Structure formats: structure tokens, C-alpha cells
Number of protein chains: 2
Amino acid sequence: MELHLQIKMNEKLFLRDPEQSELGKKIISHSIRLIHETGFESFTFKKLAEDIGTTEAGIYRYFENKHRLLIYIVAWYWSWLEYRVTVHTNNISDPITKLKRVIRLLAANVEDDIRTSHVEENILHQIIIAEGSKAYLTKKVSKDNKDHLFKPYKDLCAKIADIILECNPKYEYPRSLSSTIIEMAHFQVFFMYNLPSLTDFGPAKDEERVVSFLEDLALNCLTKNRKASR
Amino acid sequence: MELHLQIKMNEKLFLRDPEQSELGKKIISHSIRLIHETGFESFTFKKLAEDIGTTEAGIYRYFENKHRLLIYIVAWYWSWLEYRVTVHTNNISDPITKLKRVIRLLAANVEDDIRTSHVEENILHQIIIAEGSKAYLTKKVSKDNKDHLFKPYKDLCAKIADIILECNPKYEYPRSLSSTIIEMAHFQVFFMYNLPSLTDFGPAKDEERVVSFLEDLALNCLTKNRKASR
DNA sequence: TTTTTGTGATAGTATTACTATTGTGTGAGA
DNA sequence: TCTCACACAATAGTAATACTATCACAAAAA
């Protein structure tokens with residue numbers, strides 16, 4: 001049996017749906033590779049076109065500009081991750097176990113998903129770590145947000161916040177803790193590789209240490225026997 | 001008595017020291033204003049030159065490119081913040097109180113420091129929130145790190161990590177918790193204003209809520225009466 | 001069959017990110 | 001007092017970037 005996983009994306013993210021054509025899929029797969037190699041700043045549609053063997057104008061038929069393409073890729077990642085969270089927490093009753101699984105999904109290295117042939121998920125994961133926040137760190141955030149371009153991120157955040165509330169219905173900051181876990185799952189890995197003195201993970205470069213840190217952080221917040229501070 | 005606060009910056013950050021001339025100070029103050037207004041992506045040396053009333057080439061004599069200028073500004077901010085942390089935690093014995101003060105310094109709105117006439121600290125604070133991480137989220141991080149361009153950030157992180165260890169000498173992740181607090185002090189404020197559903201701070205837009213969240217986060221991690229998780 | 005659609009090919013423009021050169025006024029040192 | 005760096009202004013120029021527009025062709029849909 002051959003399975004295919006296709007994620008429905010917000011239509012405002014693109015001019016022409018890249019999932020619907022060979023060129024479109026090439027744009028996605030090659031842009032992921034190219035952004036990973038050169039970094040988002042040096043990435044241009046011209047280089048991408050040369051890489052694919054098409055023309056600049058060809059890319060512009062799919063995406064307004066490179067920032068929109070980044071948002072598309074990032075949104076795809078969050079949607080895919082939410083799907084994985086759903087699968088991996090399904091049929092688990094203990095919310096703490098759920099949360100631990102989620103943290104591992106966020107911070108640990110990814111294996112390639114064979115059902116999405118044109119996306120290399122492990123490279124994608126590295127892109128999100130290094131470039132992901134650039135999707136929303138712009139003057140256009142609010143406008144883009146009104147177009148629901150960040151819905152997949154917000155959905156994932158809400159989903160994890162629900163698990164957090166299952167762990168402790170009285171916890172006051174489920175969504176902030178959720179976004180903290182998500183962001184730190186990426187930032188701590190980035191720091192570990194590039195600015196290690198901002199972390200306690202030493203030269204081992206092991207994502208499991210980040211997982212441990214985040215589990216400790218989350219569980220300390222949610223399983224408090226101590227009295228409320230004041 | 002007139003006080004002046006001058007922060008000694010790493011010489012690799014600039015080609016000519018901007019603190020040493022009127023034009024240099026104008027470059028700093030106007031770039032802060034301009035980046036705040038237009039965002040770092042739209043910010044160019046040409047616009048800056050027009051704003052100041054000099055020429056592009058004039059700016060290039062001080063800074064190699066706009067990314068270096070951003071790193072300079074960000075580094076200045078971290079140095080200034082470390083100085084403030086030192087002042088505000090001086091002569092306080094209780095480490096928990098120290099940590100709370102630090103969190104407030106990080107997340108709360110800033111008042112203008114009259115001793116640095118050419119820097120508007122409140123606007124600077126907003127820039128760091130929105131653009132700060134772009135200083136290191138590049139392909140050149142490791143190279144820039146070798147030039148010690150991020151030393152002020154790492155120093156601040158280490159300083160807060162020390163306070164964390166004072167609170168609980170057995171805590172395993174002082175530096176990661178430190179960088180988490182620093183990053184989240186900014187990101188949660190950014191989210192509160194621009195992507196509020198990633199937070200629990202509602203429409204109030206009050207930095208004090210972020211402070212409360214971070215205090216809760218940190219103190220839960222450091223004052224554990226519960227058993228170690230497994 | 002006609003029409004639409006996706007693509008390739010080419011051209012062109014405004015802006016960006018620089019580099020290089022030249023001249024002028026100012027201030028420090030001889 | 002001379003002069004000699006110097007910081008700066010002014011101008012010019014280049015390669016790359018970020019687009020937009022037009023036309024032609026082939027395949028697929030109507």
C-alpha cells in the first residue's frame with residue numbers, strides 16, 4: 001500500500017498551489033535545500049530558478065516573494081508537526097506522558113517522512129530552527145496574521161496548551177508555556193550548536209539533553225507541591 | 001553633577017568607533033529610530049544617510065554593513081542591561097529577589113537613561129524585541145561568535161545563570177534557563193502585541209503579566225519540593 | 001476545435017549594497 | 001606659521017537583487 005500525506009495549505013500563502021504541479025513541488029523541495037545551504041538572507045529566486053532549471057519569472061508565478069515562500073514552508077512544517085503530535089499522543093491517557101512525547105517531537109532530530117516525497121523533513125527541521133522566527137519577526141506580522149498565515153503555529157500552540165491544562169487544570173499560563181516550549185525546543189538546539197555557552201549541553205551536541213531540560217522545565221511548572229509564591 | 005555612561009564596545013564591531021564623533025553618534029541614534037520605524041529588512045544605509053544628512057559612503061566608514069550595525073546596537077543593549085542588572089541587584093542578599101528584579105528589567109518597559117543622550121532606550125528595547133535575534137540567526141553566527149561579537153549577551157546570560165545557581169545550587173540547567181528567560185522576556189512581549197493567541201495575556205497588553213509568567217516559570221524550576229521526575 | 005493553462009524565454013526597471021576617487025575645511029603637531 | 005593628516009561631503013560607478021511585463025509554445029480541458 002502506498003500512502004501519501006498531503007497538507008492543505010491556506011490559499012493566501014501562494015499565488016499558484018505548489019502541490020498541484022511538478023514545478024511547484026520542485027520549488028518547495030529545492031528551496032528547502034537552498035535555504036538550508038545558503039541561509040535565508042542569501043537565498044534568492046534567481047538562484048532557486050537556476051537550481052531548478054527554470055526562470056525567475058517562473059517562481060514568481062507561485063510565490064509573491066521569498067518571504068511568502070518562507071512563511072509557506074514554515075506553515076507546512078507546523079501543520080505536519082501538529083499531525084505528528086496527534087498521531088503520537090493518540091490513545092495515551094496520561095497527560096504527562098503526552099507532554100513528554102510532544103517535547104521529544106519538537107526538539108529531537110527528525111526522520112524523513114516517506115509519504116511526502118518532495119520534502120526532506122530532517123533538513124526542514126534545521127531550517128525552522130535557524131530561520132523559522134523570521135517568518136513573523138517583521139513589520140507585517142499583524143497583517144500576515146489577519147490573513148491567517150500563522151494559523152498552523154497557533155493551532156499547534158493551542159493543542160499543546162490543552163495537554164498542559166490536562167496535566168494541571170489550574171495552571172495559569174498554558175499558552176505562554178506552550179509557546180515557550182516550542183520556541184525553546186528550537187532555540188536551545190540552535191544555541192547548542194552555535195552559541196553553546198548559552199546552554200548547559202556542552203560539546204556533546206545531543207538533542208536529548210534539550211529534551212531533558214524542557215521536560216524538567218515543563219514538569220516543574222505543572223506538578224507543583226510547593227505553595228504559590230508571593 | 002552631570003553623569004555620562006559610556007560602554008566600551010568590541011572593536012571588531014565597527015570600522016570607526018561611533019562613540020568618538022558626532023557623526024558616529026548620529027548614526028547610532030538615527031539608525032535606532034529608523035530600524036524601529038521601518039523594520040530591519042527595509043532599513044538601508046541610503047535611507048539612514050538621507051535621514052542624518054550625510055552620504056551612504058559616510059556610513060560605510062563606520063560600519064561594514066547593516067548587519068554589523070545591528071550586532072553593534074544589540075551588543076550595546078546587552079552591555080547596558082548587564083550594567084543595570086549589576087546596579088539593581090547590588091546589595092541584595094536574597095537570590096530570589098535578585099532574580100525577580102532581573103526578570104522585571106528584562107521584560108518591563110524601559111525608561112530613558114538620561115546619561116546616554118544619543119540612545120533612546122525605550123525604543124531600543126522595542127528593537128531588540130523585534131529584531132534582536134536576527135543578530136545571530138545567520139549563517140555567519142559561528143564566525144561572528146569567534147570574533148566575540150556576542151560576548152555581551154553571553155556575559156549577561158552567565159550573570160543570570162549565577163543568580164539562578166544562588167537560588168538553587170543543584171539546579172542542572174542554569175544557563176539554559178537563563179537564556180530561556182532572556183529570550184522569552186522578549187518573545188512573550190512580542191507575541192502579546194502581535195500574536196496574542198500564543199500567550200495568556202489577553203488584550204490588556206501589560207508587561208507585568210509577562211513578568212509574572214516568567215517569575216512563576218523560574219521559581220517553579222528552582223524551588224522544587226517535589227521529587228525528581230522520572 | 002477552440003480555449004485555457006502552465007511554462008519557457010527574453011527584456012527591462014528601480015533599488016540595494018556596496019567601492020572608488022576627489023576635494024575641502026579643521027585641528028594637531030613641527 | 002606651516003603642513004599634514006583627518007574626517008567628511010560629493011560624485012560616480014558596478015554588480016546583484018527584487019521584481020514586472022510581454023510573447024510564444026505545448027498540452028490539457030472545454
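Here is how names work: the chains are called A, B, and so on, in the same order as the sequence lines, proteins then strands, and each is numbered from 1. Worth saying up front: this structure is predicted, and the values here are computed from it rather than measured.
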[atom1] ([X]) with more than 12 external heavy atoms under 6.0 Å:
X	atom1	result
B/K205	NZ	yes
A/R101	CZ	no
B/K159	NZ	yes
A/K154	NZ	yes

Whole-Å gap separating [atom2] ([N]) and [atom1] ([X]):
X	N	atom1	atom2	answer
A/K46	C/dA9	NZ	C1'	14 Å
A/K66	D/dA16	NZ	C1'	12 Å
B/F45	C/dT15	CZ	C1'	16 Å
A/F43	D/dA18	CZ	C1'	13 Å

key: Note: A/E207-A/R104 ion pair, threshold 4.0 Å (strictly below)   =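 Here A/E207 does not pair with A/R104 in a salt bridge, since their nearest N and O are not under 4.0 Å apart.
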query = Thinking salt bridges, do B/E41 and A/K139 make one under a 4.0 Å N-O criterion?
reply =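 Judged by the 4.0 Å cut-off on N to carboxylate O distance, B/E41 and A/K139 do not form a salt bridge.
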task = Check each residue of residues 9-31 of chain B for a non-hydrogen atom within less than 4.0 Å of any atom in DNA chain C, then write out the ones that pass by number, or none.
result =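 Within residues 9-31 of chain B, no residue comes under 4.0 Å of DNA chain C.
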ask   = Of the residues in residues 48-62 of chain B, which ones touch DNA chain C at a heavy-atom distance under 4.0 Å?
value =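 Of all residues in residues 48-62 of chain B, the ones placing a heavy atom under 4.0 Å from DNA chain C are B/E56, B/A57, B/Y60.
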query = Ring centroid separation for B/Y136 and A/F191, is it under 6.0 angstrom?
reply =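 Yes, close enough.
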query = Is there a residue in residues 138-146 of chain A whose heavy atoms reach under 4.0 Å of DNA chain D, and which residues are they?
reply =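 When residues 138-146 of chain A is checked for heavy atoms under 4.0 Å from DNA chain D, there are no hits whatsoever.
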query = In terms of ring plane angle, is the pair A/F45 and A/F43 parallel, tilted or perpendicular, where the classes change at 30° and 60°?
reply =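 Because their plane-to-plane angle is over 60°, the rings of A/F45 and A/F43 count as perpendicular.
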ask   = Taking the six-membered ring for Trp, are A/F187 and B/F187 parallel (under 30°), tilted (30 to 60°) or perpendicular (over 60°)?
value =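 Perpendicular.
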key: side-chain contact (heavy atoms from CB on, under 4.5 Å) partner of A/F150, the single match among A/V74, A/D144, A/N10   =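 Result for side-chain contact (heavy atoms from CB on, under 4.5 Å) with A/F150: A/D144.
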